[in-house]
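Structure, as structure tokens:
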There are 2 protein chains.
Amino acid sequence: MQSRTPAAGRPGRPRSAAADAAILAATRAALVELGWSKLTLGDVATRAGVAKTTLYRRWSGKNELVVDAVAELFDELRLPDRGSLAADIEGVVLQFAAILARPEARSGLMAVVAESTRDEALRERIRESIVERQKRLVIEGRARAQARGELPQEADSTDAARTADLIFDVVAGAVVHRTLVSAEPADETWVRDFTRVLLTGLAARG
Amino acid sequence: MQSRTPAAGRPGRPRSAAADAAILAATRAALVELGWSKLTLGDVATRAGVAKTTLYRRWSGKNELVVDAVAELFDELRLPDRGSLAADIEGVVLQFAAILARPEARSGLMAVVAESTRDEALRERIRESIVERQKRLVIEGRARAQARGELPQEADSTDAARTADLIFDVVAGAVVHRTLVSAEPADETWVRDFTRVLLTGLAARG
DNA sequence: GCCATTACGCTACGGGTCGTAGCGAAAGCC
DNA sequence: GGCTTTCGCTACGACCCGTAGCGTAATGGC
């Protein structure tokens, strides 16, 4: 999670784990109050009750710090077992929407994605800490649906991986766009419409 | 397009239209070279060959300037008439992906969206200049498909508007997520898979 | 218990950007 | 020509950055 795992059996005074938690919490609080652009590391350090130099010893900059602070928010996602693929998708999408409704996620997530377009290492960090970490939901949901007979088995494993990536882009992208760009809530009504389109397509409507 | 239309029949020296174009072009060039966070208004002014004060007279800050600079990029989108809904969608999605592949769009767009989560006026500016402006593509494409009999008529006009919003969120969101977060190209293969899911749904596969 | 080693809090610093103010000159409209 | 507004330029205080240096605190090894 940290910028560099301080290793185990090193001599000297160990890094305070409490400081880590305080810094990440202070970062989220600052994101809520100030947003990305007005967030300063000096302010975060003051909020966390640590010195600015302590913060710089653990994270190389604002980007890396915010990625870690935001990544923690998505770990609470759970794939519910509601008996059908449609209901399972609706459940997890609603959870995702609830996280994106929180201001610390809204302002932080998009900002680091924007920065990552010019920083390969940062993008990889985002992929590992957030995206790849949550792709488990798609894999597990599809396996469960295939066991139920709701989805066909993928013959080729390459095809299967490609489909999983596609679904993840569609689901995450649609919810993010709805929430952040259109600025409308991804509520039950919207999620039901979205799930129907995803499962049965546009032509099957009416 | 500008921060404030300088009105028509005002006395005094009129604002230079050439300066506007030079500033917006310089902004895009700076986005390519520096990205969002390292872009400074002083640097943009120097690139454009104007004084920093001139820039501040027209735009209230970095956010508004970049919105205008990026919005121009999306005006080149055209809805092709390829004879079928699937082919039309593939065509416009590929155009959209091509724009998002350009670095000035990548770093600029996501950054202003991130800032807009804490700035209501900025979000409205984005909606007007970019989102609502391009939603014409969805409206026109659906009307054409309904005329062809590929999509059912919407009984309720409220339903129709809701569906248009949904489609826009799904299409734009998926392409953005694929391009910027997953960092994979939205090429012909991906667009074909995506269009099939959008039109016929997941269950119809295999 | 002593020592080497690392983390910590604090202060201070040069460098850069911000956004604004003030000035004289230029460019339009009456 | 006279009025009005824009333009380029310079200068300014304020803020934040990222780092260096120092004395102190907390470990593990001996």
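Residue numbers start from 1 in every chain, and the chains themselves are labelled A, B, ... in the order their sequence lines are given, proteins ahead of strands.
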Quick one: [X] [atom1] to [N] [atom2], roughly how many Å, whole number?
| X | N | atom1 | atom2 | result |
| --- | --- | --- | --- | --- |
| B/L65 | C/dC18 | CG | P | 11 Å |
| B/R47 | D/dG8 | CZ | P | 18 Å |
| B/L55 | D/dC7 | CG | C1' | 13 Å |
| A/R15 | C/dA7 | CZ | C1' | 8 Å |

Do B/E150 and B/S84 have side-chain N/O donor and acceptor atoms under 3.5 Å apart?
no

Under 3.5 Å side-chain donor-acceptor pair for A/Q134 and A/R136:
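Short answer, yes.
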
Which heavy atom of B/A30 sits nearest a heavy atom of B/D43, and at what distance?
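Result for this residue pair: CB-OD2, 4.2 Å.
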
With a 4.0 Å cutoff (strictly under), does any side-chain N or O of A/R58 reach OP1 or OP2 of C/dC8?
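Looking at the OP1 and OP2 atoms of C/dC8, one of them is under 4.0 Å from a side-chain N or O of A/R58.
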
Is B/R58 salt-bridged to B/D68, cutoff N-O under 4.0 Å?
no

Can you tell me if A/E124 has over 12 outside heavy atoms packed within less than 6.0 Å of its CD?
yes

Neighbour count >12 (heavy atoms, 6.0 Å) for atom CD, B/E184:
yes

Output one letter per nucleotide in nucleotides 14-19 of chain D: B when a protein non-hydrogen atom lies under 4.0 Å from the base, S when only the sugar-phosphate is that close, - when neither is.
--SSBB

Examine the base of C/dA26 for any acceptor or donor lying under 3.5 Å from a partner atom in the side chain of B/R13, and report the outcome as yes or no.
yes

